[in-house]
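Keep in mind that this is a model prediction, so the values were computed, not measured. Throughout, protein chains are lettered first and strands after them, A, B, ... in sequence-line order, and every chain is numbered starting at 1.
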Number of protein chains: 2
Amino acid sequence: MSETKEKIVSLADKLIREKGFNAFSYKDISEPLQVKNAAVHYHFPTKMDLGIEVVEQELRLLSLNAEKWKKLPEDGQLLKFFGVFRKHCNNGNVCLMGSLAPDYETLSPAMREKVHEMASVIVEWMTSCLEQGRKHKRFHFKGSAGDRALLVISNLQSSLLLSRVLGPSAFTRISRQLLEDLGA
Amino acid sequence: MSETKEKIVSLADKLIREKGFNAFSYKDISEPLQVKNAAVHYHFPTKMDLGIEVVEQELRLLSLNAEKWKKLPEDGQLLKFFGVFRKHCNNGNVCLMGSLAPDYETLSPAMREKVHEMASVIVEWMTSCLEQGRKHKRFHFKGSAGDRALLVISNLQSSLLLSRVLGPSAFTRISRQLLEDLGA
DNA sequence: GTCTATATTCCGATAGAC
DNA sequence: GTCTATCGGAATATAGAC
């Protein structure tokens, strides 16, 4: 992937988190990169093509992190996962799912499919992390690991949304209580 | 408030939940109501004015519900609150906060202030409900009622977002586990 | 691979008649 | 209170030169 193309994807990712997919334009990308709007269209013919690439990049990052964290105990893995969200919170940004889910109905079928894949991958990773962690006595919780994974993910997602509106303490309070609940 | 004005607000509310604030246009409102785009501008000069009215309507509804539920025990009040979200889920819609929070940075200061007020009111209501409920032995949970309220609200919010992407079972699983955790 | 230039469409918003 | 008509601008996107 060319350097310009990488910069475009990286900036689009930032804009989606900051303003939402439907609120940013090609101009928001071409101007800071000091290229013309047509140059962005060369790399990504339509806005949905660009959106799909952003989600695919996130999928690659998730896979990379999962691999990198494999050697850690499950509570350590979970802390790393929380750390990713804390970083977003400190930047005042929301997560990709939290930004794209409300816009889901306005996305192309191909991009919807990618967002669906992203959600599935995250839920599967979290489910496995909690399941293994409970088996190794590093987590303690009631109910199925799948249901618990949904709860944890939804808490992290919304903690960033609430932090936008109520200030960053929302993330701190939610994540701390969440870890305490899991006995981690 | 005139009948037309009420219909505009009601439709705008629906559109914000369905497509997001930045993805709907005055045309999406004027066409179904069979009036001209200028008629909408007469009632709400700018889009932000319309958005503010939608949030204010939601605030009035919250206040009305809180009053209506006052006679119920706290677990009954919580179930009513969950019921509101279940209804949105069945309609395939997200909640107002879940839709507007990602767009927060693109809103006018006046509208941001309204969204902030809405978030505060919801958190305060939930905090009080959990606090009183615990005192009356109807809920059992660790930590402060305020932190727990943030967790419950973020779970409900994101359960609708996840249901968009993963199907309505996400809401069912999250809300059931949530009630179980509270011992309600 | 990036440019200039432009097509097309749609948007939010306003002026002024009725 | 709703209309017609229109403005000014911005959006996505394309054609074709370099």
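- When DNA chain C is scanned in the 5' to 3' direction for atoms under 4.0 Å from non-hydrogen atoms of chain A, the outermost contacting nucleotides are C/dG1 to C/dT4.
- Within the structure, salt bridge (charged side-chain N to carboxylate O under 4.0 Å, His left out) pairs that include any residue of residues 155-166 of chain B comprise A/Glu105-B/Arg164 (at least two apart or interchain).
- Taking the side-chain hydrogen bond (donor to acceptor under 3.5 Å, both in side chains) definition, one finds that B/Arg148 meets it with A/Asp181, sequence neighbours left out.
- In this structure A/Asn37 satisfies the side-chain hydrogen bond (donor to acceptor under 3.5 Å, both in side chains) test with no other residue, sequence neighbours excluded.
- Contacts between residues 5-20 of chain A and DNA chain C, defined by a heavy-atom separation below 4.0 Å, involve no residue at all.
- Under the ring pair (Phe, Tyr, Trp, His ring centres under 6.0 Å) criterion, B/Phe81 pairs with B/Phe85, B/Trp125, not counting sequence neighbours.
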Along nucleotides 10-15 of chain D, 5' to 3', which nucleotides get a B, which get an S, and which get a -, given that the test is a protein heavy-atom distance under 4.0 Å?
-> -SBBB-
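- Among residues two or more places apart in sequence or in another chain, the ring pair (Phe, Tyr, Trp, His ring centres under 6.0 Å) test is passed with A/Phe21 by A/Phe24.
- Legend: salt bridge (charged side-chain N to carboxylate O under 4.0 Å, His left out) pairs involving residues 123-141 of chain B, not counting sequence neighbours, sorted by first then second residue: B/Asp75-B/Arg138.
- No cation-pi contact links B/Lys36 to B/Tyr42, judged by a cut-off of 6.0 Å to the six-membered ring centre and 45° from its axis.
- For B/His41, the ring pair (Phe, Tyr, Trp, His ring centres under 6.0 Å) test picks out B/Tyr26, with sequence neighbours left out.
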Which side-chain N or O atoms in residues 57-65 of chain B pair as donor and acceptor under 3.5 Å with protein atoms at least two apart or in another chain?
from, atom 1, to, atom 2, distance (Å)
B/Glu58, OE1, B/Arg17, NH2, 3.2
B/Arg60, NH2, B/Glu53, OE2, 3.1
B/Asn65, OD1, B/Lys68, NZ, 3.4

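- In this structure, the side-chain hydrogen bond (donor to acceptor under 3.5 Å, both in side chains) partners of A/Lys114, at least two apart in sequence or on a different chain, are A/Glu56, A/Glu117.
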